[in-house]
Amino acid sequence: MSTVKSALTIAGTDPTGGAGIQADLKVFQEREVFGMSVVTSVVAQNTEGVRAVQHLDVPFIEQQLDAVLEDITPDAIKTGMIATVEMMELIARKLKNSSIPYVIDPVMVAKSGDSLMDDTSRQVIRETLIPLATVVTPNVPEAEILTGIEIATQADQKLAAKYIVEELGAKAAIVKGGHLTGEETEDILYTDGHYTSYYSERFQTKHTHGTGCTFSAAIAAELAKGKSIEEATSIGKEFIRDAIQFSLEIGKGNGPTNAWGLRLQGLPNEGENVHGAPIR
Ligand SMILES: Nc1ncnc2c1ncn2[C@@H]1O[C@H](COP(=O)(O)OP(=O)(O)OP(=O)(O)O)[C@@H](O)[C@H]1O
Ligand SMILES: Cc1ncc(CO)c(N)n1
């Protein structure tokens, strides 16, 4: 029996591989958990923006979920783009009595500004999915929609994180500071009555496609390995820092994060792989 832990992502797709399901699977692989995925929406997007979206039928999403869950029990679950109320209700029904750590990245708008969740769902996610979450990882605009609190400062981030736990019923919330300004980014975790801040330098780069997906997938992977919420967030923050510092100039728009991080700080030398080992 394998001792490798597994994680399941339930999310939308990005054919350029930088966000959504594809990003999550790369992060799971890099964090050494076995990655599994259920697709909710197929998105025609690239580093420049979203061109079109097709939502899969809810009964078909259910068939995918059943196929995985009746075979393999994941050690952690992450949801990303869950665009409609019907999809949320399905996932809530499936996860209601589960004790599997569950990370919600409440994806609403892509970096390009394109909407990935309809208006009703932005409200309904509060009642359906958030109460089931082990960790919710909103960026500033998402936290504002979830809580109704305008966020401009660290104190506002704290209020919002506490609201998501105390009022909406999540076990923990991390209000990310990527959208604020300053020399550092500060992500604020609230859980069990305590705040913890996670910092990194703010890199001046436009290559931030998929940062939210990468961060939350890394946290889910660490929870799958049995780490505490605080430890998982700390590892996730280091992981996303490296993935942004060495983000990849791939595509014509905002390039993707680099899940290899420190191991690929530039292009590999000719004849070598990302580990610096010869390609045979
Ligand atoms: N320029 C930057 N330099 C360093 N860290 C950053 C930068 N931008 C974002 N981060 C960090 O990346 C993580 C993801 O945050 P962000 O707010 O960008 O997520 P997001 O907006 O949900 O991303 P996405 O566009 O994928 O939805 C957080 O830990 C945040 O602090
Ligand atoms: C499918 C998907 N999920 C999340 C994001 C947010 O980056 C995106 N661009 N696409």
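This chain uses plain numbering: 1 for the first residue, then up along the sequence.
- For Cys213 against Gly20, the heavy-atom pair with the smallest separation is SG-N, 3.3 Å.
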- prompt: Can Lys5 and Arg31 be said to form a side chain to side chain contact (heavy atoms under 4.5 Å, CB included), step by step?
  reply: CA-CA 10 Å; Lys5 301 295 184 187; Arg31 298 307 312 165; over 6 Å; no

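- Listed by chain and number, the residues in a salt bridge (charged side-chain N to carboxylate O under 4.0 Å, His left out) with Lys206 amount to none (sequence neighbours excluded).
- With sequence neighbours left out, Glu166 forms a side-chain hydrogen bond (donor to acceptor under 3.5 Å, both in side chains) with Tyr190.
- Ser41 places no side-chain N or O within donor-acceptor distance of the main-chain N or O of His55, the cut-off being under 3.5 Å.
- There is a path of hydrophobic side-chain contacts, each under 4.5 Å, that joins Ile77 to Val68.
- Contact of the Gln123 side chain with the Asp119 side chain is not registered, since no non-hydrogen atoms from C-beta on lie closer than 4.5 Å.
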task: Please report the C-alpha distance between Phe28 and Met36 in whole Å, then the side-chain angles of each, then the deciding distance to 0.1 Å, and finally whether the side chain to side chain contact (heavy atoms under 4.5 Å, CB included) criterion is met.
output: CA-CA 9 Å; Phe28 292 162; Met36 306 185 286; over 6 Å; no

message: Would Gln45 and Asp114 count as a side chain to side chain contact (heavy atoms under 4.5 Å, CB included) here? Give the steps.
response: CA-CA 10 Å; Gln45 63 172 318; Asp114 300 284; over 6 Å; no

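- Thr208 places none of its side-chain heavy atoms less than 4.5 Å from the side chain of Pro256.
- Hydrophobic clustering (ILVMFWY, side-chain heavy atoms < 4.5 Å, transitive): Leu69 and Val39 are in one cluster.
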Just distance, no hydrogens or angles: give the donor-acceptor pairs under 3.5 Å from side chains in residues 240-251, sequence neighbours left out.
{"unit_1": "Ser247", "atom_1": "OG", "unit_2": "His207", "atom_2": "O", "d": "3.3"}
{"unit_1": "Ser247", "atom_1": "OG", "unit_2": "Ile244", "atom_2": "O", "d": "3.0"}

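- Under the salt bridge (Lys or Arg N to Asp or Glu O under 4.0 Å) criterion, no residue pair touches residues 133-159, with sequence neighbours excluded.
- From Thr128, atom OG1 reaches atom CG of Leu95 across 11.0 Å, with rounding to the nearest 0.5 Å.
- For the atom pair Ile21 CD1 and Thr9 OG1, the distance stands at 4.5 Å (nearest 0.5 Å).
- Listed for the Thr191 side chain is a donor-acceptor partner under 3.5 Å among the backbone atoms of Lys171.
- The nearest pair of heavy atoms linking Pro101 to Leu223 is CB-CB, 4.0 Å.
- Lys162 contributes atom NZ, which lies 13.0 Å from atom CD1 of Ile188 (distance to the nearest 0.5 angstrom).
- Hydrophobic clustering (ILVMFWY, side-chain heavy atoms < 4.5 Å, transitive): Ile91 and Val42 are in one cluster.
- Residues Lys225 and Glu231 fail the side-chain proximity criterion, which asks for heavy atoms closer than 4.5 Å.
- One N or O on the side chain of Lys26 and one on the backbone of Gly17 form a donor-acceptor pair closer than 3.5 Å.
- In this structure, OG1 in Thr40 is found 12.5 Å from CD in Gln54, a value given to the nearest 0.5 Å.
- Linking ILVMFWY side-chain heavy atoms closer than 4.5 Å, directly or via other members, places Met87 and Leu56 in a single hydrophobic cluster.
- Considering all non-hydrogen atoms of both residues, Pro138 and Ile164 come closest at CG-CD1, 3.8 Å.
- Taking both residues in full, the closest heavy atoms of Val27 and Ala259 are given as CG2-CB, 4.4 Å, listed atom of the first, atom of the second, then distance.
- Counting only distance, with no hydrogens or angles, the side chain of Thr233 and the backbone of Ile229 share a donor-acceptor pair below 3.5 Å.
- Within the 4.5 Å cutoff, no side-chain heavy atoms of Val4 are placed close to those of Glu32.
- Put simply, Ile145 and Val136 are part of the same group of oily side chains (I, L, V, M, F, W, Y) that touch within less than 4.5 Å, one to the next.
- The main-chain N or O of Asn46 is never found under 3.5 Å from a side-chain atom of Thr16 such that the two would form a donor-acceptor pair.
- A donor-acceptor contact closer than 3.5 angstrom links the side chains of Gln154 and Glu186.
- At least one donor-acceptor pair under 3.5 Å links the side chain of Gln157 to the backbone N or O of Val175.
- Note: Ile104 CD1 to Leu129 CG = 5.0 Å, rounded to the nearest 0.5 Å.
- The two residues Ser37 and Leu25 have their closest heavy-atom pair at OG-CD1, 4.0 Å.
- Summarising the local packing, CD of Gln29 is surrounded by 12 or fewer heavy atoms from other residues, nucleotides or ligands at distances under 6.0 Å.
- Applying salt bridge (Lys or Arg N to Asp or Glu O under 4.0 Å) to Asp187 and the options Lys237, Lys176, Arg202 leaves one that passes, Lys237.
- Here the CD1 atom belonging to Ile61 is positioned 11.5 Å from the NZ atom belonging to Lys94, to the nearest 0.5 angstrom.
- Side-chain N or O atoms of Ser121 include one that pairs as donor or acceptor with a backbone N or O of Val85 at under 3.5 Å.
- Side chains of Thr257 and Thr211: no donor on one and acceptor on the other come within 3.5 Å.
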- prompt: Run the side chain to side chain contact (heavy atoms under 4.5 Å, CB included) check on Ile72 and Ser6 step by step: do they pass?
  reply: CA-CA 9 Å; Ile72 302 168; Ser6 65; 4.2 Å; yes

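- Panel note: side chain Asp192, backbone His194; no donor-acceptor pair is recorded below 3.5 Å.
- Without hydrogens or angle criteria, Tyr198 side chain to Glu238 main chain gives no donor-acceptor distance under 3.5 Å.
- The nearest pair of heavy atoms linking Ile125 to Pro131 is O-CD, 4.5 Å.
- With sequence neighbours excluded, the residues forming a salt bridge (charged side-chain N to carboxylate O under 4.0 Å, His left out) with Lys227 are Glu222, listed by chain and number.
- When the ring-ring contact (aromatic ring centres under 6.0 Å, His included) test is applied to Tyr199, no partner is found at least two apart in sequence or on another chain.
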